[in-house]
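Beneath this line is the structure, given in C-alpha cells, with notes to follow.
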Amino acid sequence: MISPPPINEILAEQNGLPKIPWISFFNDVFEGDSGTVWTPVFVSLGSTGSPTLSGRYFRINQRTCLFFATITPSTDTTSTAATTYISNFPLNFALDSVCFAGTGSGAVQAIGGVRASDNRIYTPGWSAVTTPVTVVGLGIVR
C-alpha cells in the first residue's frame with residue numbers, strides 16, 4: 001500500500017482566511033470515493049426472465065459524478081433507444097450529457113443520453129443481449 005505524503009502547508013492565508021492545502025486535495029483524490037450503491041429502475045426494458053439490476057455512483061466533486069448501472073439478464077434483455085431509461089437516479093442532473101452502454105462480449109457498444117429536464121438516463125438500443133450490459137456516464141449535478 002502506498003501512503004500519501006504528509007501535509008505540511010500553511011492552513012491560513014496572510015489575510016486570515018482559511019486555505020485548503022493542495023496536498024489535502026490530492027490526498028482526497030488518492031483515497032478516492034468508494035461510491036454509493038443504488039438499484040436502478042429501468043422503464044421499458046425488455047427482458048426474458050427477471051434481470052439483476054445494480055448501480056453505483058461516485059461523487060468526483062460537488063458538481064460532477066460518475067455512474068454505472070448494470071443489467072445482468074436471466075436470459076436476455078432488449079432496449080429501445082430514446083424509449084428505455086433509468087428513472088430513479090438519486091442525484092439531480094444540472095446539464096444534459098451522454099452515457100455509454102457496453103458488454104464484455106461486444107454485443108452492445110453504443111451511446112445514450114442523460115436528460116436533465118426529467119432526470120432520466122436514456123439507454124441506447126440493443127436486441128436480445130444475453131450478457132451483462134453496463135451503462136456508464138459522467139454527469140453534472142446540482
Path from Ile60 to Val135 over hydrophobic side-chain contacts below 4.5 Å
no

Could Arg120 and Tyr85 be counted as a cation-pi pair, given that NZ or CZ must be under 6.0 Å from the ring centre and within 45° of the axis?
yes

Answer with yes or no whether the side chains of Asp76 and Thr130 bring together a donor and an acceptor at under 3.5 Å.
no

Non-hydrogen atoms of Val129 and Pro73 that approach each other most closely:
O-CG, 3.8 Å

Is there a path of hydrophobic side-chain contacts, each under 4.5 Å between heavy atoms of I/L/V/M/F/W/Y residues, joining Phe67 to Leu95?
no

On a heavy-atom basis, the closest approach of Asp96 and Ser117 is OD1-N, 4.3 Å

Whether Thr84 side chain and Ser44 backbone form a donor-acceptor pair below 3.5 Å:
yes

Thr123 side chain vs Ala101 backbone, donor-acceptor pair below 3.5 Å
no

Trp38 versus Asn88: any side-chain heavy-atom pair under 4.5 Å?
yes

Between Gln62 and Val141, the two heavy atoms sitting closest are O-CG2, 3.9 Å

Is it true that a side-chain atom of Thr39 and a backbone atom of Ser54 form a donor plus acceptor pair closer than 3.5 Å?
no

A side-chain contact here means heavy atoms from C-beta on lying under 4.5 Å apart; do Thr64 and Ile140 qualify?
yes

Among side-chain atoms of Trp126 and Thr77, is any donor-acceptor pair under 3.5 angstrom?
yes

Is the shortest heavy-atom distance from the side chain of Pro51 to the side chain of Thr72 under 4.5 Å?
no

Do Phe93 and Tyr122 sit in one hydrophobic cluster, given that two such residues count as connected whenever their side-chain heavy atoms are within less than 4.5 Å of each other, even indirectly?
no

Could you walk me through whether Phe89 and Tyr57 satisfy the ring-ring contact (aromatic ring centres under 6.0 Å, His included) test, starting with their C-alpha distance in whole Å, then the side-chain angles of each, then the deciding distance to 0.1 Å, before giving a yes or no?
CA-CA 9 Å; Phe89 190 67; Tyr57 66 91; 5.5 Å; yes

Measure from the side-chain N and O atoms of Ser47 to the backbone N and O of Ser50, and report whether any donor-acceptor pair falls under 3.5 Å.
no

Side-chain donor or acceptor of Thr78 paired with backbone N/O of Gly46 under 3.5 Å
no

Test item: Asn119 side-chain N/O and Leu91 main-chain N/O as donor-acceptor pair under 3.5 Å
yes

Check whether any side-chain heavy atom of Pro124 sits under 4.5 Å from a side-chain heavy atom of Ile111, and report yes or no.
no

Treating Ile, Leu, Val, Met, Phe, Trp and Tyr as nodes and any side-chain heavy-atom pair under 4.5 angstrom as an edge, say whether Val136 and Leu138 lie in one connected cluster.
yes

Considering non-hydrogen atoms only, spot the tightest contact between Arg63 and Arg142 and give its length.
NH1-CA, 3.9 Å

Between Pro40 and Gly55, what is the shortest heavy-atom contact and its length?
CD-N, 3.6 Å

Would a hydrophobic clustering, with Ile, Leu, Val, Met, Phe, Trp and Tyr connected at side-chain separations under 4.5 Å, put Phe42 with Phe68?
no

Between Ala94 and Ala116 the two heavy atoms that sit nearest each other are C-CB, 3.8 Å

